[in-house]
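Below is one structure; the comments refer to it alone.
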Amino acid sequence: MKNKEVAEIFNKVAALLEIKGDNPYRIRAYQKAAQTIEALTTDVEELAKQGKLEKLPGIGPDLAGKIKEILKTGTLSLYEELKKEIPLVLLDFLEIPSLGPKKVKVLYEKLGITNIEELEKACKEHKIAKLPGFGWKTEENILKGIVLFREKRGRRPLGEVLPLAEEIMEILKRESPVENIAVAGSIRRKKETVKDIDVLITSIQPEKVMKKVTELFLVEEVIAFGETKTSVRLKTGIQMDIRVVEPDSWGAALAYFTGSKAHNIRVRELALEKGLKINEYGVFRGEEKIAGKTEEEVYASVGLPFIPPEIREDWGEIEAALQGKLPKLVEYNEILGDAHVHSKYSDGTASLEEIITKAEKLGLSWVAICDHSQGLKVAGGVPVEDLFKKKKHIEELNKRSSKVKLIFGAEVDILSDGTLDYPDEILAEIDFVIAAIHTGFQQTEEQITNRIISALKHPLVHAIAHPTGRVIGEREPYAINMPKILEVAAQYGKALEINAYYKRLDLNDVNTRAAKEKSIPLIIGTDAHFIDQIEYLPLGTAVARRGWCEKKDILNTLTYEEFMSWLKKVRNQF
DNA sequence: GCCGTTTTCGGCCCGACTGTTTTCAGTCG
Ligand SMILES: Nc1nc2c(ncn2[C@H]2C[C@H](O)[C@@H](COP(=O)(O)OP(=O)(O)OP(=O)(O)O)O2)c(=O)[nH]1
Ligand SMILES: [Mg+2]
Ligand SMILES: [Mg+2]
Ligand SMILES: [Zn+2]
């Protein structure tokens, strides 16, 4: 799939056009097209072949042609031309806080600066303050920005940031006069990675709240300070944006601050068509404020039902909402089991008894114990003899435990030739077999795809764990042909995992949606190796929701008995 | 560059904070 490549070129073209000073709406068209293509659940090349590119929103004849050009030649002549005019390194400059396209253009044209070192030198020699529109403060800010750029801590996994966001909420609730407070932005939308922490507050004493924010012990530096909007950098390096508004604006502000930007723009466009104006303070007809206290009110004012934060991405939710076709997303409390937990039988640290206790605390009614298979020695793969000990152990516990049932499972390694790491007669004894790739990541796309397809076709396999193998911030997905895998999974009625470990989230939101569209059963598993990691389960549910999944799409919503019969049904079809 | 049950041209979301500026452009949310 070349979706990513196409999107990347469009994003770069947009950035280069920005520096050139081109028409902002033309730039937005490229950015929007890039987002649309990245969120595509199908191969852009397929759409091109079928002549359906122009059906995509924001893709007209020109961009459709450019997509075809990229697919055909691997690049875009416009892009190649722009690169001749504007050195590509200038795009790095845009990532330096306080530097935008206008300033970068001046730095390049007036001072001929083309790398960070030159930029730093120019600041220190005070060459920059002399430029029109620049001053001594600009120099200082650029120097600070360069330091941050060099530290370059990119987007962080949601699961890493959530605890910090919650801690901050607790402190502010306790120690400042907040009336209402919520985390907004990408965190509220449960995006897999987040750039910053966005917090919305209502208060009748905004000055006091803002002052408290800047005095938090967690704060490293105040970036901007105002009575309604303040930004700080935390000691952990992450930025936090705070908005404080009046209680009457809570809904409008929450909608605004939750985003996404693209979603906001769509909603605001609908308002314009109705002669209304939406901003973070409310919905207005002329001077008159007609809504804003709740999000429901704001959406209703433009004829929309409430849209769950997880799908506010302009990935089609506005159209669906207008047609009354929003999915009824699977609820967090509808998840009854964790389908992928490791125990002491392999490289997990928890005993089966501890897992039961934890599951009960979390309100789960079943857990599938999927330890590694025999050949995966580095991960404590379970030899065949121990498998039967484990099976007995689980049966014993299930007799005694009524609230939480364990399921005898295995995460069976898919070997480099596509065969499985237990013989069939053993696999047949294991109630739940989830197969996964753990070695041979460097194989070709065809090889890895074929390994997964062999596993999917194996009559005793129920599901594939972490299908793409990506680890956020550490490892790219291995080369696989996702459309092919989806096709086979759909054909054989096999499940794909939404691995809920905070660094995996694999399938991701887009692939989850692609699977859902093909009615492929999805199964959420935390892949917990430490007992507390079972708490990551809701992150998997969040991915399911972002992938537009309903209760029926997610196997974890089945009761223990229902899930057990699904497992049998899958095998009985052969 | 895209788009259209009022439009095929003329719109395209809207606002806060900063710094450099004598009234606002740039960057960012
Ligand atoms: N209307 C409007 N809202 C915006 C714009 N930019 C940002 N917002 C709103 C929607 C965003 O979700 C929210 C927070 O902005 P952020 O830059 O923090 O983005 P977000 O949290 O969505 O993603 P990220 O922080 O990158 O993980 O502010 C904009 O240009 N227009
Ligand atoms: Mg954010
Ligand atoms: Mg933000
Ligand atoms: Zn595992």
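Chain identifiers are assigned alphabetically (A, B, ...) following the order of the sequence lines, protein sequences preceding nucleic acid strands; residue numbering begins at 1 within each chain.
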Please report the shortest heavy-atom distance between [X] and [Y], naming the atom on each side.
X	Y	value
A:Leu63	A:Ala29	CD1-O, 4.0 Å
A:Val330	A:Arg545	O-NH1, 2.8 Å
A:Leu254	A:Ala182	CD1-CB, 4.3 Å
A:Arg189	A:Arg546	O-NH1, 2.9 Å

Of A:Lys261 and A:Leu56, the one whose nearest nucleotide on DNA chain B sits closer to the 5' end is A:Leu56
Counting only distance, no hydrogens or angles, is the base of B:dG15 paired donor-acceptor with the side chain of A:Tyr281 under 3.5 Å?
no
Tell whether A:Asp196 reaches the base of B:dG29 with its side chain through a donor-acceptor pair below 3.5 angstrom.
no
Regarding A:Arg233 and A:Glu221, does a basic nitrogen lie under 4.0 Å from an acidic carboxylate oxygen? yes
Integer angstrom distance from the [atom1] of [N] to that of [M]:
N	M	atom1	result
B:dC28	B:dT23	P	25 Å
B:dT5	B:dG1	P	23 Å
B:dT27	B:dT20	P	13 Å
B:dC13	B:dC3	P	14 Å
B:dG11	B:dT6	C1'	15 Å
B:dT21	B:dC17	P	22 Å
B:dG15	B:dG10	C1'	24 Å
B:dT8	B:dC2	C1'	12 Å

Quick one: [X] [atom1] to [N] [atom2], roughly how many Å, whole number?
X	N	atom1	atom2	value
A:Glu54	B:dG4	CD	P	13 Å
A:Lys274	B:dC13	NZ	P	17 Å
A:Leu270	B:dC14	CG	P	12 Å
A:Arg26	B:dC9	CZ	P	20 Å
A:Glu273	B:dG10	CD	P	19 Å
A:Ile318	B:dC3	CD1	P	16 Å
A:Leu272	B:dC12	CG	C1'	9 Å
A:Lys277	B:dG15	NZ	C1'	9 Å

I'd like to know if the side chain of [X] reaches the main chain of [Y], judged simply by a donor and an acceptor atom lying under 3.5 Å from each other, with no hydrogens or angles considered.
X	Y	result
A:Glu297	A:Gly292	yes
A:Asn511	A:Asn508	no
A:Lys235	A:Phe217	yes

Any base atoms under 4.0 Å from [X], or only sugar-phosphate, or nothing? Heavy atoms, all strands.
X	answer
A:Lys195	sugar-phosphate
A:Gln239	sugar-phosphate
A:Asp62	sugar-phosphate
A:Arg266	nothing

For a quick test of reading the model: is some side-chain N or O of [X] closer than 4.0 Å to OP1 or OP2 of [N]?
X	N	value
A:Tyr25	B:dG1	no
A:Asn264	B:dC13	no
A:Lys32	B:dC12	no

Expected string for nucleotides 17-27 of chain B under the B/S/- scheme (protein heavy atoms, under 4.0 Å, primed atoms plus P, OP1, OP2 as sugar-phosphate) is SSSSS----SS
Mate of B:dT8 across any strand shown (Watson-Crick or G-U wobble, both atom pairs under 3.5 Å) is none
Exercise. Step through the shown structure and confirm whether more than 12 heavy atoms of other residues, nucleotides or ligands are within 6.0 Å of CD on A:Glu85.
Key: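 Yes - once you tally the heavy atoms of other residues, nucleotides and ligands closer than 6.0 Å, there are more than 12.
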Given B:dG1, B:dC13, B:dA16, the nucleotide with the shortest approach to the side chain of A:Glu280
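When the side chain of A:Glu280 is considered, B:dA16 is the closest of B:dG1, B:dC13, B:dA16.
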Out of B:dG1, B:dC13, B:dG29, minimum distance to the side chain of A:Leu63 belongs to B:dG1
